Colleague: 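Mind looking over this structure? Questions follow.
Quick caveat: nothing in here was measured; it's all calculated off a predicted structure. Naming: A, B, ... by sequence-line order, numbering from 1 per chain.
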2 protein chains.
Amino acid sequence: MLNTPRATDTGIAAHDRLYRSLRQQIMHGELAPGQALTLRGLARSYGVSMTPAREALRRLSAEGALTLSASGRVSTPDLSTERIEELATLRALIETELATRALPRAHIALIERLQAINMANAEAAVKRDAVAYIRTNLEFHRTLYLRAQAPAMLAVAETVWLQLGPTMRSLYTRIARSEPPQHHRMIIAALKAGDEPALRLAIRTDVTQGLRHIAT
Amino acid sequence: MLNTPRATDTGIAAHDRLYRSLRQQIMHGELAPGQALTLRGLARSYGVSMTPAREALRRLSAEGALTLSASGRVSTPDLSTERIEELATLRALIETELATRALPRAHIALIERLQAINMANAEAAVKRDAVAYIRTNLEFHRTLYLRAQAPAMLAVAETVWLQLGPTMRSLYTRIARSEPPQHHRMIIAALKAGDEPALRLAIRTDVTQGLRHIAT
DNA sequence: CATGGGCGATTGTGATCACACGGCCGGATC
DNA sequence: GATCCGGCCGTGTGATCACAATCGCCCATG
């Protein structure tokens, strides 16, 4: 079998398909921290050869989504508390800026979409579905930040989310949160009121709230 | 010749050697914006096969240091003014935080090293050596931020520098700056005085100064 | 029962090849 | 003379293989 075109070939490169799939799994907290990934294992499960698997893993580890051990073994990161604090600070810095830029452009349709996403998020919380909770939570933030029209800043923010993915999983499955996110309501209220200081505060507390009290 | 070990084998993987070399060239502004790179060309000039070259390019494009065209061609980025503004804002946000964290740890030996680097920087300015200017400029900032003991934040900051590399080159070769950076002196003065607000202001102006007035 | 040595299986790395897509240049046609 | 078409060359993509390093397990030894 030499270079057989895949039946499911969508015209998108195989390494890109792997990359997107893994990236989403990591960002949404579907993988636990410290989980090892192998080239051959990944290649087999996606029905490709080692080459595209290697590229996808290399790309993800360049973004900090995966860590390479000294021997080249790759696994999901198991972050120290110091690093978690740094990433939380980065989230606060970048996302307050993104929210501020989005504020003047936030019209009623956007706020309604945010409320709808927030309902799905609350539902995931009561169901104790950590993955769905993380996914809807990030979707809430991304939907808001897309209005900022700042792709470079959003890309950096998503890189930070990516690094925090496995950590958020272990965090949210551990504390088994059942309360819906009250900070999201504060964000929506500030958007409605056009209150920039309140918005910045709401973003900062929402972003750091879950991550700050890890130093157990 | 199958898998012949290279005579210059230092134990470091070939793709990593390429990565580091290209990364430094891009960050230091040795490559102009829009410069195209080819797998075979790179592999030939480094004496390796296409495989490690591909990995290095993939890694760099994941960090935003290179852009992939639709057909997979890779070249150094030619940034829009909007994107430059975003990256300048990111620099200001992240680097003020890093400087603030470094401030309480900045003792006299660090300040003396910063002054020495700054002299080399001024020398590059009078010589109109854009590459040396960018290199010493970044070394100045990195030396300060290393004291912040925040590797994750520094890594993100360096990613932003990487994206701005070719742009800084074309900027600094165009305006042919001859004056030494006065903002660096403000940074050093604020460090000596332990004045945090002054330090934050100095960092912000230093970082945005060159990039802000691009909107010609 | 704990511990260290050794061997086999597994893994990442790099080279090489086949293939398909795309750009570029030349010539033929109107 | 301008324009369009076709083939060639260069380029990225993915598969496969050889090889070295390393991990893990088992057994022997104290």
Side-chain angles (χ1 to χ4, degrees), chain A residues 1-23 26 31 34-78, chain B residues 1-23 26 31 34-78:
Chain A
M1 181 169 71
L2 249 61
N3 294 335
T4 307
R6 298 190 49 69
T8 59
D9 195 335
T10 56
I12 293 134
H15 69 84
D16 207 55
R17 190 165 50 90
L18 257 101
Y19 166 76
R20 287 183 214 271
S21 172
L22 286 172
R23 176 190 158 98
I26 294 166
L31 273 57
Q35 183 131 139
L37 298 175
T38 66
L39 259 45
R40 288 174 176 83
L42 235 66
R44 196 154 4 94
S45 68
Y46 279 84
V48 295
S49 82
M50 288 167 50
T51 313
R54 221 193 318 186
E55 293 191 42
L57 290 187
R58 191 72 66 191
R59 191 169 165 190
L60 286 164
S61 45
E63 294 180 279
L66 296 171
T67 56
L68 276 75
S69 84
S71 63
R73 251 84 163 182
V74 46
S75 55
T76 61
D78 196 355
Chain B
M1 179 171 71
L2 249 62
N3 295 333
T4 306
R6 299 190 49 69
T8 58
D9 195 337
T10 55
I12 293 134
H15 67 85
D16 207 56
R17 189 165 51 90
L18 259 98
Y19 166 76
R20 287 183 213 270
S21 173
L22 286 173
R23 176 191 158 97
I26 294 167
L31 273 56
Q35 184 130 142
L37 299 175
T38 66
L39 259 45
R40 287 174 177 83
L42 235 66
R44 194 153 7 94
S45 68
Y46 279 85
V48 294
S49 80
M50 288 168 49
T51 313
R54 219 192 319 186
E55 293 190 42
L57 290 187
R58 190 73 65 190
R59 192 170 165 187
L60 286 164
S61 44
E63 295 180 280
L66 297 171
T67 56
L68 277 75
S69 83
S71 63
R73 251 84 162 184
V74 46
S75 55
T76 62
D78 196 355

Colleague: Which residue, B:Leu60, B:Leu42, B:Leu57, forms the side-chain contact (heavy atoms from CB on, under 4.5 Å) with B:Val74?
Modeller: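 The residue from B:Leu60, B:Leu42, B:Leu57 that satisfies side-chain contact (heavy atoms from CB on, under 4.5 Å) with B:Val74 turns out to be B:Leu57.
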Colleague: Considering only NZ, NE, NH1 and NH2 on the basic side and carboxylate oxygens on the acidic side, decide whether B:Arg23 and B:Asp16 come within less than 4.0 Å.
Modeller: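 Salt bridge absent between B:Arg23 and B:Asp16.
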Colleague: Using a strict heavy-atom distance below 4.0 Å, which residues from residues 56-64 of chain A are in contact with DNA chain D?
Modeller: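 Output list: empty, so none.
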Colleague: Tell me which residues in residues 35-43 of chain A lie within less than 4.0 Å of DNA chain C, going by non-hydrogen atoms.
Modeller: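 When residues 35-43 of chain A is checked for heavy atoms under 4.0 Å from DNA chain C, the hits, listed by number, are A:Leu37, A:Thr38, A:Leu39, A:Arg40.
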Colleague: Ignoring hydrogens and geometry, is there a side-chain-to-backbone donor-acceptor pair from A:Thr76 to A:Gly34 under 3.5 Å?
Modeller: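 Pair found, side chain donor or acceptor close to backbone of A:Gly34.
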Colleague: So does A:Arg54 reach the base of C:dG14 with its side chain, donor to acceptor, closer than 3.5 Å?
Modeller: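 Yes.
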Colleague: Under the side-chain contact (heavy atoms from CB on, under 4.5 Å) criterion, do B:Arg58 and B:Leu68 qualify, and how do the steps go?
Modeller: CA-CA 9 Å; B:Arg58 190 73 65 190; B:Leu68 277 75; 3.5 Å; yes
Colleague: Calculate the interatomic distance between B:Met50 atom CE and D:dG14 atom P; express it in whole Å.
Modeller: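 The answer, rounded to whole Å, is 11 Å.
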Colleague: Rounded to the nearest Å, what distance is computed from the CG atom of residue A:Leu68 to the P atom of nucleotide C:dT11?
Modeller: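 In whole Å, C:dT11 P and A:Leu68 CG are 15 Å from each other.
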Colleague: side-chain contact (heavy atoms from CB on, under 4.5 Å) with B:Ser71: which residues, sequence neighbours excluded?
Modeller: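 Testing B:Ser71 for side-chain contact (heavy atoms from CB on, under 4.5 Å), a comparison that skips the adjacent residues, returns B:Ser69, B:Arg73.
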Colleague: For a side-chain contact (heavy atoms from CB on, under 4.5 Å) check, start with the C-alpha distance between A:Leu22 and A:Leu66, then their side-chain angles and the critical distance, and finish with the verdict.
Modeller: CA-CA 10 Å; A:Leu22 286 172; A:Leu66 296 171; 5.6 Å; no
Colleague: To the side chain of A:Val48, which of C:dA15, D:dA15, C:dC17 is closest?
Modeller: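 Of the options given, the side chain of A:Val48 lies nearest D:dA15.
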Colleague: Could you state the OH-P distance from B:Tyr19 to C:dG14, rounded to the nearest angstrom?
Modeller: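 Taking OH of B:Tyr19 and P of C:dG14, I get 15 Å after rounding.
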Colleague: Taking only side-chain nitrogens and oxygens of B:Thr51, does any of them come within less than 4.0 Å of OP1 or OP2 of C:dG14?
Modeller: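 Indeed not, no polar side-chain atom of B:Thr51 lies that close.
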Colleague: So which nucleotide from D:dT13, D:dA15, C:dT13 ends up closest to the side chain of A:His15?
Modeller: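 Among the listed nucleotides, the one closest to the side chain of A:His15 is D:dT13.
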Colleague: Where the side chain of A:Thr67 meets the backbone of A:Ser75, is there a donor-acceptor pair that is under 3.5 Å apart?
Modeller: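 Flag set: sc A:Thr67 to bb A:Ser75 pair under 3.5 Å.
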Colleague: What integer distance in Å separates A:Arg44:CZ from D:dA15:P?
Modeller: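 The answer, rounded to whole Å, is 14 Å.
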Colleague: Kindly say whether, by distance alone, the side chain of B:Arg73 makes a donor-acceptor pair under 3.5 Å with the base of C:dG23?
Modeller: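 For B:Arg73, whose side chain was compared with the base of C:dG23, there is no donor-acceptor pair (under 3.5 Å).
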Colleague: Starting at atom CD of A:Glu55, determine the distance to atom C1' of C:dG12, rounded to an integer number of angstrom.
Modeller: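 After rounding, the gap between these two atoms is 15 Å.
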